[in-house]
Amino acid sequence: MTDATDDDIWDHERRFWTGHAAFHDKTVPADTIMVFGPPLGVTKGDEARKALDEAPDWSGVEMSEKSIARPAKNVAVTGYLAEGDAGNGAIHRVYCTSVWIARDDGWVQAQHQQTPAPDH
């Protein structure tokens, strides 16, 4: 499971935004840590999953300023600017980082962080 290409990791990242609960069920483990803007802040495990489940799926996402690092064979760290429609017609812009780890059952998102980006 550790042989994912960078393109595979970016596909997981895209599906994080546009996927449904079934994708999150497979890729967001109980020990994940996620950081969102107010009012959520720092979330972990079930609280992070609940936030994802209650958030609307984005109808599409554009990722730019993409960077990826592979500090170990089973680890991928991403950084990027995400822009997309979160279902309300307004374009949202956030800078993000994620840490993906290969486990026996596939790649999981161990960490995700969002920082609001200024509008153009």
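These values consider heavy atoms only, across backbone and side chains, with no hydrogens, waters or symmetry-generated copies.
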Contact check, side chains of Thr115 and Val94, non-hydrogen atoms, under 4.5 Å: no
Connected via hydrophobic side-chain network under 4.5 Å: Ile9 and Val75: no
NE2-CG distance between His92 and Asp119, expressed to the nearest 0.5 angstrom: 10.0 Å
Other residues, nucleotides, ligands: >12 heavy atoms within 6.0 Å of Lys66 NZ: yes
Mutual orientation of the aromatic rings belonging to His12 and Phe23 [parallel < 30°, tilted 30-60°, perpendicular > 60°]: perpendicular
Salt bridge flag under 4.0 Å for residues Arg70 and Asp6: yes
hydrophobic_cluster_shared for Val61 and Ile68, side chain cutoff 4.5 Å: yes
His24 side chain vs Phe16 backbone, donor-acceptor pair below 3.5 Å: yes
Donor + acceptor pair across side chains of Glu62, Ser64 (<3.5 Å): no
Atom of Thr32, atom of Ala48 and distance for their closest heavy-atom approach: CG2-CB, 4.0 Å
Spacing of Asp85 atom CG and Trp17 atom CH2 [to the nearest 0.5 Å]: 12.5 Å
Test item: Val42 and Met34 side chains (from C-beta on) under 4.5 Å apart, heavy atoms: no
Closest heavy-atom pair and its distance - Gly79, Trp10: O-CH2, 3.8 Å
Heavy-atom pair of closest approach, residues Leu40 and Thr43: O-CG2, 4.2 Å
Salt-bridge contact Arg14-Asp11 (side-chain N to carboxylate O under 4.0 Å): yes
Atom pair CD (Gln113) and OG1 (Thr97), whose distance is rounded to the nearest 0.5 Å: 4.5 Å
Minimum-distance pair of heavy atoms, taken over all atoms of Trp107 and Lys73: CH2-O, 4.0 Å
Partners meeting side-chain contact (heavy atoms from CB on, under 4.5 Å) with Glu65 (sequence neighbours left out): Leu81, Tyr95
Chi angles and distances behind the salt bridge (Lys or Arg N to Asp or Glu O under 4.0 Å) call for Asp25, Arg49: CA-CA 8 Å; Asp25 286 345; Arg49 278 302 313 275; 2.7 Å; yes
Pair Asp31 + Arg103, salt bridge at N-O below 4.0 Å: yes
Shortest non-hydrogen contact from Cys96 toward Gln114: SG-CG, 4.0 Å
CA sep, side-chain torsions, deciding dist, call: Val28, Leu52, side-chain contact (heavy atoms from CB on, under 4.5 Å): CA-CA 10 Å; Val28 179; Leu52 292 175; 3.8 Å; yes
Side-chain donor-acceptor contact under 3.5 Å, Ser98 with Glu13: yes
Polar side-chain atom of Asp53 near backbone of Lys50 as donor-acceptor pair, under 3.5 Å: no
For the student: nearest non-hydrogen atoms of Ala110 and Ile101, plus distance: CB-CD1, 3.6 Å
Audit row: Thr27, Trp100, side-chain contact (heavy atoms from CB on, under 4.5 Å) steps and yes/no: CA-CA 9 Å; Thr27 60; Trp100 292 88; 4.1 Å; yes
Phe36 and His112 aromatic ring geometry - parallel, tilted or perpendicular at 30°/60° bounds: tilted
